[in-house]
Amino acid sequence: MGKLNVTLCGIEMDNPVIPASGTFGYGYEFAELYDINCLGTFSFKGTTKEPRYGNPLPRIAECKAGLINAIGLQNPGIDRVISEELPKLKEVFSKPVMANVGGFSVEEYVELCARLDREEQVGWLEVNISCPNVKAGGKSYGMTPEDAAEVTAAVKAVTTKPCIMKLTPNVTDIVSIAKACEDAGADGVSLINTLYGMRIDLKTGRPVIANRMGGYSGPAAFPIALRMVYQVRSAVKIPIVGIGGVSSAEDVVEMMYAGATAVGVGAANCIDPFASKKIIEDLPRVMEKYGIDSLESIIGGAQ
Amino acid sequence: MKQEILTVKSNDALTKSVYRLRLEGDLSSFTRPGQFCNIALPGFYLRRPISVCDIEDGVLTLLYKVVGHGTEAMADMMPGTKLDVLCGLGNGYDTEKSGPAPLLLGGGVGIPPLYGLAKALIAEGKQVRAILGFNTAEEIFWADEFRALGADVTVTTADGSAGVKGFVTDAMPDEYTYFYTCGPIPMLRAVYAKTVTSGQFSFEARMGCGFGACMGCSMKTADGGYKRVCREGPVFEKEEIVWES
């Protein structure tokens, strides 16, 4: 059997599959269904300083191939994540977890990262810089190289664990953002976050989502994400977590050829709770079919 | 929750837009009336969450209304079709709190989960009174099935073409020990305002996953927190509910 293991920012993973933040909660809904230790790791629900309910309902809209969400970072807040969620997770997941943080100011990112950096269960910090910067009228930190670099440098200054910056695709040039993160000290980048989208209900003539717009994810994002991973790989040296529309073991392999060291699975978890497990179990078959002995050996192979 | 492959036994129209779908397979993950299942439909990305009407002799009965493309496709499903279904979702109704004479208030496609509940309450020896609300006489379904269980049934229609003219809240008795309800939001709000005992409300929501992962359907609760309609719900106690304007 081929070798599935990869090393992401110095931490070895049994396989490259990472359920993406926001599609896997804090893990234990899935742990009721199967042993989630089969995962490479997973990125837990985006955590903010204060507890957040998020946006008004409805905040989900179906699309031909995927869905739009405007959850708005619902989460119990950092205090309860550390005091309640992580201990619960420990009972069902023994691997290092990826801690996803969202912030509305540089200070918030810094505090969250510094606190989660001290948690033994946390392997990596995934810093979602697609959140709106409240001080800049809601423009996200991931939209300019300067803002992305500012957050990166600030969180790197207070952490010891690898910081992976999660990038929004809703920009003119994602490569310049990735390079700015690398130059500011990021240990890795993950891309892509969701694509801005919307749906309108023909019965009412109004947007389906109460917040009007949301983030599209699903299989139609895959070729876009793949292209962005490919472009970023050619421009930066730090590892990439490739995310976007991945729904099969073939997609994982394709994403790795484009340049991803590890691969996020997002929307697929929402339509099949076993999706990530099935993808991992199918990887050896796909590797054998295409004559791949080791996944690590194909990273960026299409460059 | 379990992921099961269920087989369509029958799928037929009860009214112009309400259908009865009967599915066979392993139904062991359903434990309470008021739970739901989430059905994967070929050609549609998200599953369709449908509340359980009844489980009897290894057959799951769902009553659904054709409201969009997904349910239109469901209406065309032929017997023998195999479906990928997440079973045993949600908390369901708690029958222990009912007292001896519970009142059930259902509106339109909110009626189906109350049927399984009525059956469970009657099996526990309780006197069930059900008020079933419809828009008009030709939309009435399942009232006879409630009567066959031994429930005392009152039908209301908004246009007065059958039963009591008006809404379910216009036909409420003075005395009951507890209530259970499911239906459109305006009806639930009216029930909330007019009921004098505690009770349980079943909610509908646009869901992403249906099993608690995506947080797409969270509702604020009276304690200042939130609960997921799909996971901690769809049934909420009256005291937990916060109505958003």
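Worth saying up front: this structure is predicted, and the values here are computed from it rather than measured. Order of the sequence lines sets the chain letters (A, B, ...), proteins ahead of strands, with each chain counted from 1.
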Margin query: Determine whether B:Phe211 and B:Phe36 satisfy the following criterion, ring pair (Phe, Tyr, Trp, His ring centres under 6.0 Å), listing intermediate values before the conclusion.
Written below: CA-CA 10 Å; B:Phe211 54 89; B:Phe36 67 101; over 10 Å; no
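Both the backbone and the side chain of A:Ala267 come within less than 4.5 Å of a heavy atom of chain B. Contacts of A:Leu33 with chain B are made by side-chain atoms alone, with heavy-atom separations under 4.5 Å and no backbone atom involved. Both the backbone and the side chain of A:Pro76 come within less than 4.5 Å of a heavy atom of chain B. Both the backbone and the side chain of A:Leu67 come within less than 4.5 Å of a heavy atom of chain B. Proximity to chain A involves both the backbone and the side chain of B:Met219, based on heavy atoms less than 4.5 angstrom apart.
Aromatic pair A:Tyr141/A:Tyr109: ring centres closer than 6.0 Å.
Note that CE of B:Met74 and CD1 of B:Ile39 are 4.0 Å apart. Values are rounded to the nearest 0.5 Å. Here A:Leu112 contributes atom CG and A:Leu125 contributes atom CG; the two are 10.0 Å apart, rounded to the nearest 0.5 Å. Atom CG in B:Leu14 sits 6.0 Å away from atom CG in B:Leu63 (nearest 0.5 Å).
Nearest heavy-atom pair across B:Val168 and B:Gly106 is CG1-O, 3.5 Å. The shortest non-hydrogen separation linking A:Ala99 to A:Leu116 is CB-CD1, 4.1 Å.
Per-residue counts of heavy-atom pairs under 4.5 Å with chain B were compared for A:Ala61, A:Pro58, A:Gly54, A:Gly25; the largest is that of A:Pro58.
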Mind listing the donor-acceptor pairs under 3.5 Å that bridge chain A and chain B?
residue, atom, partner, partner atom, Å
A:Glu29, OE2, B:Arg228, NH1, 2.6
A:Glu29, OE2, B:Arg228, NH2, 3.4
A:Glu32, OE1, B:Arg231, NH2, 3.2
A:Glu32, OE2, B:Arg231, NH2, 2.5
A:Tyr53, OH, B:Ser218, O, 2.6
A:Arg59, NE, B:Met215, O, 3.2
A:Arg59, NH2, B:Met215, O, 2.9
A:Arg59, NH2, B:Ser218, OG, 3.3
A:Glu62, OE1, B:Arg48, NH1, 3.1
A:Glu62, OE1, B:Arg48, NH2, 2.7
A:Glu62, OE2, B:Tyr45, N, 3.2
A:Glu62, OE2, B:Leu46, N, 2.7
A:Glu62, OE2, B:Arg48, NH1, 2.8
A:Gln74, OE1, B:Ser218, OG, 2.6
A:Gln74, NE2, B:Ser218, OG, 3.1
A:Asn75, O, B:Tyr226, OH, 3.2
A:Lys203, NZ, B:Val67, O, 2.4
A:Ile271, O, B:Arg47, NE, 2.6
A:Ile271, O, B:Arg47, NH2, 2.9
A:Asp272, OD1, B:Gln3, NE2, 3.4

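Sorted by first and then second residue, the ring pair (Phe, Tyr, Trp, His ring centres under 6.0 Å) pairs involving residues 57-87 of chain A (not counting sequence neighbours) form an empty list.
Looking only at distances, a side-chain donor or acceptor of A:Glu108 sits under 3.5 Å from a matching main-chain atom of A:Lys49.
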